[in-house]
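The structure appears right after this line, and notes come after that.
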Amino acid sequence: MSLTIVRLYHDLLGTYGDQGNAEILVHRARARNLEVDLVEVTPGMAIPRSGDIYLLGGGEDGPQSAALEMIKVDGGLNYAAAGGATVLAICAGFQIIGESLPDSTGKTTSGLGLVDAHTAYDSSPRSVGELVIQPSRGGLPVLTGFENHQGLTRLGADMPPLGLVRSGIGNGFNNQEGVWHGNVFGSYMHGPVLARNPELADAVLQCAIGPMQAFEDPLAQAFAKERRITLGGITTSS
Ligand code: GLN
């Protein structure tokens, strides 16, 4: 079986190292003997419509607006997501996949509408620091990452968050962090989040390919555990 991972505009949406999420997925998929094709979409290129997993990262307001406009005009990401493709969108990317968000001038603009989420800027201080969350489902352990965003994101009443905040800010409403709706994941966690949380990487892969054999990666597991213990006083890997 082969897997196509599409990384969108990482020159625009890669300020915080989120492009590393693609490398983690490639590594963990190859460890399961999958053939993996990583497609790098740069401005001006058409977004493939038949990818299995689409990745969006964080970025500053200007590049975020530019990326959003290109993705809207292209239409390929919405097409793929409507067909069940898996999406992992971080920070600016998370805001982009919602219903509305501020553009680079601060004016509200429409997002891609993949999830019911509305982002706005208010006068609160920027949310910067380590973030620890307890996921709501999927058997996922406590997840860690770091956040750095001005926008706060309110989920619709029926939108499940990725988890609830144990420490940090996250979405800024109802103690929620991120979103996990069908095969679409959004989060404010940088890290890259999949490097810091291999279990989340496997949850993303599983959405695309179904059940997988276990994969022991001692370095990844040790890194995840160290962050969980240091940030949350959590003494087991879960
Ligand atoms: N520009 C957005 C905000 O500040 C996203 C920032 C980011 O991706 N880190 O809310």
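We count ligands from 1, going down the list as the structure has it; atoms in each ligand are counted the same way.
Comment: R196 engages E130 in a salt bridge, judged by a side-chain N to carboxylate O separation of less than 4.0 angstrom. Taking the charged nitrogens against the carboxylate oxygens, E23 and R7 do have a contact shorter than 4.0 Å, which makes a salt bridge.
No hydrogens or angles considered: nothing links the side chains of Y79 and D74 as a donor-acceptor pair under 3.5 Å. Checking R154 against N171 by side-chain atom types alone, no donor-acceptor pair falls below 3.5 Å.
Protein residues are said to neighbour a ligand when one of their heavy atoms lies under 4.0 Å from it; for ligand 1 these are Y16, G58, G59, D61, Q64, C91, A92, Q95, Y121, R126, N148, H149, Q150, G151, H190.
Atom-to-atom distance recorded for L143:CG and N197:CG is 4.5 Å, nearest 0.5 angstrom.
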For F173 and H118, what are the C-alpha separation, side-chain angles and deciding distance, and is it a ring-ring contact (aromatic ring centres under 6.0 Å, His included)?
CA-CA 11 Å; F173 296 98; H118 294 267; over 10 Å; no
